[in-house]
Every structure is written in structure tokens, then in C-alpha cells.
> 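One structure, as C-alpha cells, below. Some questions next.
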2 protein chains.
Amino acid sequence: MAPADSTAANELLAVRAAELYYEENKTQDEIGAILRVTRWKVGRLLAQARERGIIRIEIVHPRARRLALERDLAARFGLKDAVVVPAPGDDTELQARVSEAAADWLVSHRPVPRLLGVSWGRTLHQVADALPSGWSTAVNVVQINGGVSLSKRPGTAAATAVMIAQKAGGQATLLPSPAILERLETKKAIEGDRTVAGVLGMARGASAYLYSAGVADTSSVHVDSGYLTPADITRLVERGAVGDVIGRYITAEGTIADPELDARTLGLGLEELRAAPWSILVIGGEAKHPVARAIVTHGLCSVLVTDEHTARALLDEPDAALTDSATTSREDLS
Amino acid sequence: MAPADSTAANELLAVRAAELYYEENKTQDEIGAILRVTRWKVGRLLAQARERGIIRIEIVHPRARRLALERDLAARFGLKDAVVVPAPGDDTELQARVSEAAADWLVSHRPVPRLLGVSWGRTLHQVADALPSGWSTAVNVVQINGGVSLSKRPGTAAATAVMIAQKAGGQATLLPSPAILERLETKKAIEGDRTVAGVLGMARGASAYLYSAGVADTSSVHVDSGYLTPADITRLVERGAVGDVIGRYITAEGTIADPELDARTLGLGLEELRAAPWSILVIGGEAKHPVARAIVTHGLCSVLVTDEHTARALLDEPDAALTDSATTSREDLS
DNA sequence: ACCCGTTCTGCTCATCTGAGCAGGTCGTGC
DNA sequence: GCACGACCTGCTCAGATGAGCAGAACGGGT
């Protein structure tokens with residue numbers, strides 16, 4: 001190896017070259033004249049400076065993306081696509097950016113889905129909002145899980161689906177049913193209803209699913225909507241639930257946390273999500289890291305739209321194959 | 001003007017183009033294919049992105065410099081040269097970087113000074129330390145103000161000068177005298193001494209001066225060395241002193257704060273500094289902003305080596321000459 | 001002293017990129 | 001309805017840049 005002295009001298013030269021090139025907009029030739037080296041050496045110095053991270057290039061824009069993270073996510077979890085946006089400090093702003101990015105993805109995604117299955121929630125509503133009118137032509141929309149009929153703000157679930165369809169000049173088909181039923185028989189009865197069965201059938205044939213996920217805590221929409229009590233949530237958490245996917249609470253291992261409750265939950269199943277050609281998960285924020293990990297590591301989505309912190313959290317975790325990750329996830333419960 | 005929609009669409013395109021160009025190292029041609037625009041448009045989008053500040057390029061390195069600030073400083077204060085280094089959080093580190101930058105400047109400065117006049121102090125000592133052995137050939141060094149004979153660490157003033165000379169393979173000539181004398185007669189007597197007069201004469205003929213400056217407070221080396229009492233400092237501050245330059249306390253207006261004290265101070269005068277072809281001020285840190293401003297605005301240095309915060313502080317201050325058009329001149333800087 | 005592998009240097013050449021220009025597009029005012 | 005001007009687009013062409021190569025310089029081992 002060359003003596004340390006020459007390395008250090010080169011590094012200093014590289015810094016000077018970088019300053020002149022990037023801050024002063026000089027050509028490599030001019031820089032060569034100033035630093036008394038050939039222009040080829042200037043080129044090499046700049047290449048070194050870039051490699052060593054002396055030059056930091058950042059794209060500062062709310063709509064910027066983190067392509068490197070996207071590539072890593074797709075490779076690590078076998079995703080068809082990933083979208084990662086920079087995370088602002090503000091959590092509300094973060095949700096907005098992630099939703100906007102999801103809307104962007106939908107707009108530019110080809111082929112355009114003939115029929116889009118959607119869930120509902122705050123995130124999905126923001127995605128709908130962010131979609132430009134006429135974002136596509138004749139995309140029909142179908143709900144894939146029960147709505148919020150008990151909600152304090154009734155109709156938001158329906159409004160989301162309708163808005164998405166309307167803006168694409170298509171029709172929305174709503175699932176006229178609560179998300180979770182109190183009794184299994186009721187659920188079966190509703191499921192057996194011709195209309196409901198028809199919608200579910202249509203939903204199963206959708207060419208893409210768009211959904212978000214909730215956290216298993218008392219701030220959940222399910223509690224808010226009256227479908228679950230705080231006590232239900234506590235029980236779910238005791239059973240290892242990290243959050244819900246289209247109404248179904250799952251554990252870190254990607255399994256149903258409470259089969260009895262799940263049986264009373266109306267809508268598409270996890271397997272249908274997993275089997276779909278395009279299942280797009282839109283999720284952002286620190287609180288959702290555990291659910292996001294559960295979904296992504298168990299193949300429940302094929303496209304992930306998220307923020308860079310979530311992306312890094314997912315990538316930092318050693319591979320799920322390691323057994324002791326189970327014990328680790330238990331600690332989350334305490 | 002074009003409709004807002006197209007502007008926004010362009011901005012988004014510009015962001016995508018920037019990502020592909022700077023993060024993915026794609027050519028403008030490839031980007032054009034991806035974004036479905038011509039490669040010329042990609043070039044224009046990138047230019048726009050750069051103009052609008054969407055792309056931020058930063059050089060992260062301890063030896064990096066702030067060339068834009070250097071240019072502004074030189075233009076604003078009529079300096080022959082300026083060196084501005086990025087400021088780390090740590091103040092000790094900052095001093096080290098500024099000193100190192102001063103050493104770098106000396107090493108690469110042409111023509112090499114035949115005789116270099118130096119002051120002393122912590123900063124100067126660090127500069128000496130940072131100089132590489134053999135940084136130049138046959139540069140002789142002469143002290144330009146009295147030393148710290150009363151100091152708790154005697155000899156550091158001498159050591160600084162000697163080290164600088166030694167590393168350049170030259171001779172150091174020391175000024176064998178205290179910095180400030182108690183009585184005017186003593187000062188005159190010493191000044192009249194053949195040796196001292198000879199050194200001072202030599203100092204007046206130096207081709208460059210290298211010095212730092214002290215703050216007018218009780219942490220000053222002069223107090224530490226016993227030349228001044230805290231009470232003296234208080235009196236100086238009352239008279240408007242902001243700090244000392246080669247032992248002489250000056251006000252923000254660039255004038256001698258206390259002529260009586262100044263008369264008892266042995267060494268080069270301010271006028272000699274001002275008249276010198278190369279007078280290099282090495283100064284860094286928040287506390288020294290006022291002295292730095294006094295020196296720089298009154299032409300006492302022709303080369304300034306400092307940190308970016310000090311540089312910005314100097315530049316932010318509206319010009320002393322312009323009273324009401326201060327805001328206008330701010331805009332000019334952008 | 002000599003050889004060999006590694007790194008560095010300056011070069012050619014093909015490619016990439018920005019400046020500048022002619023023609024097209026759009027909105028505006030008469 | 002039409003002409004005008006501002007802006008945008010795609011182009012030519014020259015200058016800037018990176019890949020790849022042959023020879024030089026260097027360091028270490030025998």
C-alpha cells in the first residue's frame with residue numbers, strides 16, 4: 001500500500017477538487033490547473049471523494065424518494081415494488097407524504113387495474129384525497145372488508161371507495177356489512193346474503209388490493225368504532241397481536257392472533273391478499289413498525305409504500321429465519 | 001406564466017430526474033427513456049432542480065472549506081485572501097481546524113515569505129503544531145511582540161516561533177522582552193536596547209505577519225501571564241476594548257482603547273500591521289466575533305483564516321457605512 | 001541487485017452533457 | 001380574428017467527462 005502520507009495528501013486534494021467542482025462549478029480541466037495535477041487525476045480524485053462519502057448529495061423535496069432503500073426492501077422481502085419517502089419530523093406530515101406517494105404509485109402503475117379492492121381507514125382516505133381527478137379511466141373499486149357502520153363518523157369507509165372510483169371515472173361497489181360481528185352466526189348469515197356474497201366474490205376477483213394496517217392498541221379505529229372494547233385489545237395483545245390487516249389481527253409471526261375473533265370478521269382473508277398479483281400496503285410511522293414487519297416478512301403484500309424510518313427499521317432487523325426473534329417479539333408485549 | 005399544474009408536474013419530474021441522476025447514476029439519456037421525455041428536457045429539469053435548491057451538495061470533511069463565504073469576505077472587506085472552515089460543534093475542535101487551515105494556507109502560499117513575523121498564543125501554537133516538517137525552505141521567523149516571561153508555562157511564546165522556523169529549516173529570532181511593561185520608562189529603556197531594537201527593526205521588515213487576537217476578558221493570556229489584573233481588564237472594557245491584537249487592546253472602532261497602557265506595550269504597532277503586504281489573522285470561535293469584526297473592518301489584516309460561524313457573523317452585520325440600505329445589501333448576497 | 005506484482009499516471013477514444021438556436025405552442029391584448 | 005411576445009421544445013455542435021489501456025513507479029521478497 002502507498003504510504004499514509006500520500007493517501008492523506010490525496011484526500012486533501014480530493015476535498016479541494018470537490019469544492020471547486022461542486023461549489024464553484026469549475027471544469028476538471030480548470031481544477032487540474034489550480035491544483036497542479038492532470039485533469040484525469042482530478043476525475044479520479046472526484047470519484048474517490050464520491051466513494052468515500054466526502055461528497056454528500058441529497059435531494060430535499062417533500063416528494064423525494066429513497067430509491068436505494070426501495071431497492072433493498074424489494075430485494076430483501078421479495079416485493080414487486082417499494083416506495084420509500086423521506087420522513088419529516090412531524091408525524092401527521094409523514095402520513096400525508098406516504099399517502100401521497102401511494103397515490104403517485106397508483107397513478108403511474110401499469111397495467112391499470114380493471115378492478116381495485118380497497119380497505120378503509122385514515123390512511124386510505126388520505127390516499128383517495130391525494131389522487132388527482134381523472135387519475136385513470138374506468139377503474140372500478142370494491143371494498144374488501146366491512147365498513148364502519150358503528151363509527152362516530154359514519155360513511156367514511158364508503159366515501160373512500162367512492163372517491164377513488166369517482167376520480168377514475170369508475171364505479172364503487174360497497175360491502176354493506178359491519179367489519180366485525182358480535183356473533184359467529186350473524187356473520188355467517190350476512191356472508192350468506194346474496195348481495196354481500198356478490199360483493200365478496202367481486203372483491204376476490206380484483207386485480208389489485210390497496211390497504212393499510214392498524215396498530216393493536218386502544219387508539220385503533222376498531223375501538224373508536226365500537227367493534228372492539230379496550231379489553232378486547234388487551235386480550236389480543238396478550239395473544240401476540242401486533243396490529244390488523246383489513247380487519248384481521250395478526251401476530252409478529254404472521255398468524256391470526258385470535259381465530260375465534262377472526263371467524264367473526266367479515267371480508268377478504270389473508271390468503272387472498274397473499275395470493276393477489278398486486279397487494280399494495282400503505283403504512284407509515286413509528287407505531288406501525290411491528291405490524292409492517294409482520295406483514296412484509298410474511299408475504300402479505302407485494303408492494304410496500306412507506307417512510308424511510310419504517311424502511312430502515314424493516315431492513316435493520318436480522319432475517320426472520322432466526323428463531324430467537326420469537327422471544328424478542330414477546331418482549332413487545334410487556 | 002404557465003399554468004400551476006405544469007409547473008408542479010415539472011417539479012415532480014425534476015425530483016425524479018435528480019434521484020435517477022444523482023442517486024442511481026443513470027445517464028440523462030436513460031432517465032429520458034424512463035420518464036418519457038427527451039434527454040434535453042432531463043438536462044433542463046436537472047438544471048432547474050439545482051437552481052431551486054432541490055439538490056443539495058455538501059462536502060463533509062474536516063478539511064473542507066467554504067469557498068462562497070471566502071469570496072464574500074474577501075469582497076466585502078477588501079481582503080487579499082480568506083479561508084473559512086466548517087465549524088464543528090466542539091469549540092476545541094474548531095480551534096484546531098482553524099489552526100490547521102492557517103497552516104495549510106502558509107504551506108501553499110506563494111511567494112514564500114523570506115521572513116515571517118509571528119505573535120504568540122494558544123492559536124499560534126496550534127498553527128505551529130499543524131505545520132508539517134519541511135513545510136518550506138529557509139523561512140526565517142521573528143517575534144513581533146513581547147513574550148510571556150511571567151507566564152506559568154514559560155517559553156511557549158518562544159517555542160511557537162522556534163517550531164515554525166525549525167519546521168521550515170530557518171532561524172527564529174526572539175524578542176527578549178515582556179509584552180507589557182509596568183512603567184513607561186522601562187519600556188522605553190528596553191526598546192532602546194540594541195538587541196531589542198534590532199529585533200524590532202527586523203520585525204518591521206518581515207514580508208508577512210501571522211497573528212491571532214485575544215478577547216478582552218479575564219480569561220485573557222495577559223491576565224494569566226500576570227501582565228494585567230482582572231481590574232485592568234474591567235477598565236479596558238469600560239473604555240470599549242473588545243480584545244487585543246499583538247498585545248494592543250482595541251475598540252470596536254479599531255482604535256487603541258487605552259493609549260497609556262498601549263504606550264507601555266512592546267512590539268509592532270497596528271499601523272505596521274495595516275501597512276504590511278501580508279498580515280494573516282487566525283481567529284475562530286464565538287467569543288472572538290467582536291475582536292474579529294474590529295480587526296477586519298478596520299483593515300488590520302489582509303488575510304483572514306476563520307470558521308464559518310465567524311464568517312457569517314462578519315457578513316451578516318450590515319455595512320458600517322450604509323445605515324438604512326442595510327436590508328438591500330442583504331439581498332445582494334443571495 | 002534483480003524480479004514481480006501492485007498501484008499510479010497520462011493517454012485515446014467514445015460517450016455524455018450544456019450552450020445556443022430555430023421553430024412551435026400557448027395565452028393575451030387589440 | 002389575428003398578431004404579438006413569452007415560453008417551451010428538439011436540435012446541432014463543441015466542450016467536458018469516464019472507461020479502459022499501456023507504460024512508469026513503487027515496494028517487497030529473494
Side-chain angles (χ1 to χ4, degrees), chain A residues 1-61 63-64 67-68 71 108 132-134, chain B residues 1-59 61 63-64 67-68 71 107-108 132-134:
Chain A
M1 187 196 281
D5 174 58
S6 120
T7 308
N10 260 357
E11 183 154 325
L12 191 50
L13 268 185
V15 172
R16 296 283 156 264
E19 288 165 351
L20 293 166
Y21 193 73
Y22 288 104
E23 296 185 353
E24 304 290 291
N25 292 317
K26 299 204 179 295
T27 82
Q28 298 187 4
D29 224 352
E30 292 174 295
I31 297 170
I34 295 170
L35 302 181
R36 313 184 166 264
V37 293
T38 59
R39 74 185 178 78
W40 295 283
K41 174 136 190 174
V42 174
R44 285 180 190 123
L45 287 169
L46 288 172
Q48 269 180 44
R50 264 172 257 141
E51 273 168 32
R52 299 195 197 180
I54 290 174
I55 296 161
R56 175 197 231 128
I57 299 182
E58 202 187 349
I59 294 164
V60 277
H61 194 279
R63 308 282 283 265
L67 301 180
R71 225 177 313 107
S108 56
S133 287
Chain B
M1 189 196 281
D5 173 60
S6 121
T7 308
N10 261 355
E11 182 152 326
L12 191 50
L13 268 184
V15 172
R16 297 284 156 263
E19 288 165 352
L20 294 166
Y21 192 74
Y22 288 104
E23 295 185 352
E24 304 289 289
N25 292 317
K26 299 206 179 295
T27 114
Q28 298 188 2
D29 225 353
E30 292 175 295
I31 297 170
I34 295 171
L35 301 182
R36 315 186 163 264
V37 294
T38 60
R39 71 186 179 80
W40 297 284
K41 173 135 191 175
V42 175
R44 283 178 190 127
L45 287 170
L46 289 172
Q48 270 180 44
R50 265 170 256 142
E51 274 167 31
R52 300 195 196 180
I54 290 175
I55 296 161
R56 172 196 235 132
I57 299 181
E58 202 187 349
I59 294 165
H61 195 280
R63 309 281 283 263
L67 302 180
R71 224 175 315 106
V107 169
S108 56
S133 286

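Numbered from 1 within each chain, the chains take letters A, B, ... in sequence-line order. What you see is a predicted model, and the numbers here were worked out from it, not measured in a lab.
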> May I have the distance from D29(A) (atom CG) to dT17(D) (atom P), rounded to whole angstrom?
8 Å
> Can you tell me how far C1' of dT9(D) sits from CG of N10(B), to the nearest Å?
12 Å
> I need the minimum non-hydrogen distance between V42(B) and A17(B), along with the two atoms involved.
CG1-CB, 4.4 Å
> Whole-Å distance between dT9(C) P and L35(A) CG?
14 Å
> Could you walk me through whether L67(A) and L20(B) satisfy the side-chain contact (heavy atoms from CB on, under 4.5 Å) test, starting with their C-alpha distance in whole Å, then the side-chain angles of each, then the deciding distance to 0.1 Å, before giving a yes or no?
CA-CA 8 Å; L67(A) 301 180; L20(B) 294 166; 4.2 Å; yes
> When the distance from CD of Q48(A) to C1' of dT9(C) is rounded to whole Å, what number comes out?
13 Å
> Would you say Y21(B) reaches dC16(C)'s phosphate, i.e. side-chain N/O to OP1/OP2 under 4.0 Å?
no
> Drop me the distance from R16(A)'s CZ to I34(A)'s CD1, to the nearest 0.5 angstrom.
12.0 Å
> For residues 30-50 of chain A, which residue pairs pass the side chain to side chain donor-acceptor pair (under 3.5 Å) check, not counting sequence neighbours?
N10(A)-K41(A), Y22(A)-R50(A), Q48(A)-R52(A)
> Just the rounded figure in Å: distance from P of dT9(C) to CG of L13(A).
10 Å
> Between protein and nucleotides 11-15 of chain C, what N or O pairs are separated by less than 3.5 Å?
unit_1	atom_1	unit_2	atom_2	d
dT12(C)	O4	W40(A)	NE1	3.1

> Using whole Å, what does the distance between atom P of nucleotide dA16(D) and atom CG of L46(B) come to?
19 Å
> To the nearest Å, how far apart are L20(B) CG and dT17(C) C1'?
17 Å
> Given E11(A) and I54(A), is the side-chain contact (heavy atoms from CB on, under 4.5 Å) satisfied, shown in steps?
CA-CA 9 Å; E11(A) 183 154 325; I54(A) 290 174; 4.1 Å; yes
> For the pair made of CD in E51(A) and P in dG18(D), what is the distance, rounded to whole Å?
12 Å
> Please tell me which of the listed nucleotides, dT17(D), dG18(C), dT17(C), lies nearest to the side chain of Q28(A)?
dT17(D)
> If you round to the nearest 0.5 Å, how far is CG of L46(B) from CD of Q28(B)?
5.5 Å
